[in-house]
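Some notes on the structure that comes next.
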Amino acid sequence: MPEFDLVIVGGGPGGYVAAIRAAQRGLHVALVEKERPGGVCLNWGCIPTKAMLRSAEVFETVKAAAAFGIDADNVRVDFAAVRQRKDGIVKELTDGVTGLLKANGVTVIEGHARFTGPTTVEVFEPGPSPVFAGGPRYAATPSATAIRTVTATDVVVATGSTPALLPIPGADLPGVITSDGAFGVTEVPARIVVVGGSAVGAEWASLFAAFGAAVTIVEMQDRLVPAEDKEIGGALGRSFTGRGITVLTGTTVTSIAQTGDALVVDVGGAATRGIEADLVLIGVGRRPNTADLDLDVAGIDTDARGFIPVDDHMRTAVEHVYAIGDVTGTALLAHVASHQGLTAADVIAGHDARIDYDVIPAATFTHPEIASVGLTEDAARAAGHEVVTAKFPFAALGRAKTLGDSEGFCKIVAGARHHEVLGMHIIGPSAGDLITEGALAITLEATLDELAETIHAHPTLGEIGMEAALTGLGLPVHTAPPRKR
Ligand code: FAD
C-alpha cells in the first residue's frame with residue numbers, strides 16, 4: 001500500500017499549487033522540494049525581479065520629481081537596501097507558501113528526489129546551495145545521504161527549469177553570470193552587457209540601466225522581445241535607446257574574453273566588434289531540470305530539448321505519472337505552471353479537467369512595461385484571419401498624463417468581418433494589469449463593439465482598451481479621425 005495518494009517533486013508555482021488543490025480534493029499529499037518553497041518564481045524569478053524593478057521605478061520617479069512640482073535633492077541608490085527589501089518580500093511570500101502547505105495538510109519533505117520506480121522516489125539530502133557568481137543555483141547532484149523513500153499512487157514531476165548556458169568561449173569566466181547569478185551582484189556595475197533580448201534579459205537591462213549602469217543588450221533576432229507583436233519589439237527598442245541603453249539587434253555574441261580589468265564581448269552580425277563590460281549577463285533561455293532525477297528508471301521519456309511531453313490532462317506517457325510547469329516546456333510562465341498544477345491535481349482526484357492554452361497573457365516588467373495575449377498581427381494573418389488592427393496611444397489618455405507616464409500604446413488585433421478580438425498588445429504603464437481585459441475579451445469572444453460599449457471608469461489607464469476599440473471601429477473620440485478621401 002503506497003504511503004501517499006500523491007507525491008509531487010518540486011515546490012514551485014506548479015508544484016505547490018498542485019499540492020494545495022490535491023489536498024483540498026481530499027488526497028494525502030507529499031511534496032518534495034530541495035530548495036525553498038516557491039521555486040524560481042518566488043525565489044529567483046517573478047517576485048525578486050519585480051521587487052527590484054519597483055525600486056528602479058521609484059528611483060526614476062524621484063529623480064524626475066521636479067516635473068511633479070516636488071523638490072528632491074541628492075537622490076541616490078542604496079543597492080544593499082534594494083536587495084534587502086527584495087529579500088524581505090521573498091521571505092514573506094515563501095513563508096506564506098510554507099504556511100499554506102501546512103494549513104492544507106501537505107507533508108513537505110526537504111530533499112532531492114530521484115525516481116526508483118514510476119511511483120516511488122528516494123529523497124537525498126540536497127547538495128550545497130545556492131551557488132552564485134554565475135554557477136548553477138542548485139547543486140545539480142545531491143549528497144549521497146538518502147533520507148527516505150516515498151511511495152504514492154500518483155506522481156507529479158514539477159522540477160522546473162534552470163538558465164540555459166551559452167556554448168561560446170569565455171561563458172564560464174568570472175563576471176559572466178546568468179539571471180540566477182544576477183541576484184548575487186552586490187553593486188551596480190559600471191558597464192554590463194546583457195546577452196538575450198527576451199523577457200528575462202530585457203527586464204535585467206531595464207533594471208541595471210535605471211540604477212545607472214551603462215547597458216548594452218544584444219539580441220540575435222531583428223528586434224527585442226521577438227515573441228511579441230513586432231510593433232511592440234520595435235517600440236521597446238526605441239524606448240531603450242532613448243533611455244541610453246545600447247540596443248544591438250540582429251547581432252550574435254561569439255565569445256567573451258578577459259582583457260585586463262574588463263570582459264570583452266565579441267559580437268558578430270553587421271559589424272564584428274568587442275564591447276567592454278564589467279559584468280556579462282546571459283539570458284538566453286531555460287533548460288529543464290531533468291538531470292539527476294533518474295527519469296529513465298521510471299520509464300519517463302523527454303523530447304529532443306529535454307522537456308517532458310504531456311497531454312492536455314498533464315499525463316506523461318507513463319501511467320500514474322504527470323508533469324507540470326517549466327519542465328514540460330509548454331510556456332515558461334508561472335501562471336501556466338499553476339494552471340497546469342490545478343489541472344493535474346483535479347485529474348488525479350478523479351475530475352474531468354483539461355488545460356486550454358488558447359488564452360495565455362504574459363507580461364514583461366521593463367520600463368515601459370509590456371503585456372500581450374492572443375495572436376500577434378503576423379500570427380493572425382499567418383493563421384488565415386483577415387484582420388483589422390486598432391491602436392491607441394497612452395499620450396492621449398488623461399490618466400497617463402496625470403501619472404507622468406504616457407509612453408506607449410495599446411494595439412488590438414481583431415477579425416475584419418465580425419470584429420472579434422484575436423489579440424491585445426500593450427506597451428506602457430501598468431500593461432501587465434491592463435492585459436486582463438484582453439484575456440477576458442478573447443475568452444468571452446468579445447468584439448470591438450462590445451469593448452467600446454462597455455463603460456470604463458474615467459480617468460483610468462483601463463480606458464485604453466475602450467479607446468483602442470473605438471479607433472478600430474473608425475470612431476475615435478480622443479484621437480483625430482481617419483482622413484476623409
Ligand atoms: P520552478 O519554479 O522552477 O520550481 C521547480 C522547483 O523544483 C524548484 O524549487 C526546485 O528546487 C525543485 N526541484 C528541482 N529538482 C528537484 C528534485 N530532484 N527534487 C526536489 N526538488 C526539485 N513567469 C511569470 O509568469 N511572470 C514573471 O514575471 C516571470 N519572471 C521571471 C523572471 C526571471 C528572472 C525568471 C528566471 C523567470 C521568470 N518567470 C516569470 C518564469 C517563472 O519563474 C517560471 O515559469 C516558474 O517558476 C515555473 O514554475 P515551476 O513550478 O514549473 O518550476
Side-chain angles (χ1 to χ4, degrees), residues 7-19 30-53 94 97 108-115 121-127 129-130 136-142 147 150 155-164 178-183 194 196 198-204 207 281-295 307-308 314 323-341 344 360-366 369-371 432:
V7 60
I8 297 170
V9 182
Y16 85 75
V17 169
L31 185 145
V32 187
E33 169 55 58
K34 65 180 180 175
E35 276 260 336
R36 295 192 298 232
V40 168
C41 182
L42 267 62
N43 292 289
W44 320 96
C46 330
I47 298 300
T49 48
K50 274 59 191 191
M52 291 172 76
L53 281 159
T94 53
V97 170
V108 176
I109 300 166
E110 279 177 40
H112 180 123
R114 269 187 192 146
F115 281 90
V121 295
E122 187 153 23
V123 183
F124 294 80
E125 270 183 18
S129 65
R137 187 182 61 243
Y138 319 110
T141 311
I147 303 171
V150 185
V155 176
V156 172
V157 185
T159 48
S161 68
T162 305
T178 62
S179 171
D180 291 346
F183 291 109
V194 176
S198 293
V200 169
E203 285 187 356
W204 282 113
L207 184 142
L281 194 160
I282 313 264
V284 291
R286 314 275 303 171
R287 62 198 157 103
N289 290 333
T290 46
D292 231 318
L293 258 182
D294 288 349
L295 288 177
F307 293 98
I308 303 176
M314 312 321 303
I324 57 173
D326 281 11
V327 79
T328 67
T330 316
L332 278 55
L333 292 166
H335 40 286
V336 173
S338 295
H339 271 266
Q340 289 179 323
I360 303 179
T364 301
F365 295 82
T366 40
E369 198 167 302
I370 290 171

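As the structure lists them, so they are numbered: ligands from 1, and atoms in each ligand from 1. Because the structure is a prediction, the values reported are computed rather than measured. Basis for what follows: all heavy atoms, side chains included, without hydrogens, waters or symmetry-related copies.
Heavy-atom distances between Arg114 and ligand 1 stay at or above 4.0 Å for every pair. Using 4.0 Å as the threshold, Gly111 has a heavy atom nearer than that to some atom of ligand 1.
The shortest N/O to N/O separation between Ala337 and ligand 1 does not fall below 3.5 Å. Geometrically, ligand 1 and Trp44 share no nitrogen or oxygen pair separated by less than 3.5 Å. Considering backbone and side-chain atoms alike, Ala113 places an N or O below 3.5 Å from some N or O of ligand 1. For ligand 1, the polar-atom distance check against Arg286 finds no nitrogen or oxygen pair separated by under 3.5 Å. An N or O contact shorter than 3.5 Å links Val40 to ligand 1 by distance.
Under 4.0 angstrom from ligand 1, the non-hydrogen atoms of Ala334 come from both its backbone and its side chain. If you look at Ala158 next to ligand 1, the close heavy atoms, those under 4.0 Å, all belong to the backbone. At a heavy-atom distance under 4.0 Å, only side-chain atoms of Val9, from C-beta outward, approach ligand 1. Of the heavy atoms in Thr49, only side-chain atoms (C-beta onward) come closer than 4.0 Å to ligand 1.
Heavy-atom proximity to Gly39, at under 4.0 Å, picks out these atoms of ligand 1: 2 (O), 4 (O), 8 (C), 9 (O). Interface of Leu333 with ligand 1, defined as ligand atoms under 4.0 Å from a residue heavy atom, comprises 23 (N), 24 (C), 25 (O), 45 (O). Taking a cut-off of under 4.0 Å to the non-hydrogen atoms of Val32, the atoms of ligand 1 that pass are 20 (C), 21 (N). Counting atoms of ligand 1 from 1 in the listed order, those under 4.0 Å from a heavy atom of Gly325 are 52 (O). The ligand atoms of ligand 1 that sit less than 4.0 angstrom from a heavy atom of Cys41 are 2 (O), 43 (O), 47 (O). Near Gly160, meaning under 4.0 Å from any of its heavy atoms, are these atoms of ligand 1: 1 (P), 3 (O), 5 (C), 52 (O), 53 (O). Those atoms of ligand 1 with a heavy atom of Leu293 less than 4.0 angstrom away are 18 (N). Heavy-atom proximity to Leu332, at under 4.0 Å, picks out these atoms of ligand 1: 41 (C), 45 (O).
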Start with the C-alpha distance between Arg36 and Asn43, add both sets of side-chain angles, then the distance that settles side-chain contact (heavy atoms from CB on, under 4.5 Å), and finish with yes or no. CA-CA 8 Å; Arg36 295 192 298 232; Asn43 292 289; 2.9 Å; yes

What do the steps show when you test Val327 against Phe307 for side-chain contact (heavy atoms from CB on, under 4.5 Å), and what is the final call? CA-CA 5 Å; Val327 79; Phe307 293 98; 5.6 Å; no

Take Trp44 and Glu35, measure what side-chain contact (heavy atoms from CB on, under 4.5 Å) needs, and give me the verdict at the end. CA-CA 11 Å; Trp44 320 96; Glu35 276 260 336; 3.8 Å; yes

Stepwise side-chain contact (heavy atoms from CB on, under 4.5 Å) test for Thr162 and Thr178: CA-CA 10 Å; Thr162 305; Thr178 62; over 6 Å; no

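Of the candidates Gly201, Ser161, Cys46, Cys46 brings a heavy atom nearest to atom 42 (C) of ligand 1. Compare Lys34, Glu35, His335 by their heavy atoms: the one nearest to atom 21 (N) of ligand 1 is in Lys34.
In this structure, NE2 in His339 is found 11.5 Å from CG in Leu333, a value given to the nearest 0.5 Å. Taken from OG1 in Thr364 to CG in Leu53, the straight-line distance is 10.5 Å, to the nearest 0.5 Å. To the nearest 0.5 angstrom, Phe365 atom CZ is 7.0 Å from Glu203 atom CD. Taken from CD1 in Ile8 to CD1 in Ile109, the straight-line distance is 11.0 Å, to the nearest 0.5 Å. For the atom pair His112 NE2 and Glu125 CD, the distance stands at 13.0 Å (nearest 0.5 Å).
Using modelled atom types, one side-chain atom of Arg287 and one backbone atom of Pro163 make a donor-acceptor pair closer than 3.5 Å.
For the side-chain contact (heavy atoms from CB on, under 4.5 Å) test with Pro37, the passing option among Leu42, Leu31, Val97 is Val97; the others fail. Shown are Thr290, Thr328, Asn289, Asp326; of these, the side chain to side chain donor-acceptor pair (under 3.5 Å) with Ser161 is made only by Asp326.
With 3.5 Å as the limit, one finds a donor-acceptor pair spanning the side chains of Ser179 and Trp204.
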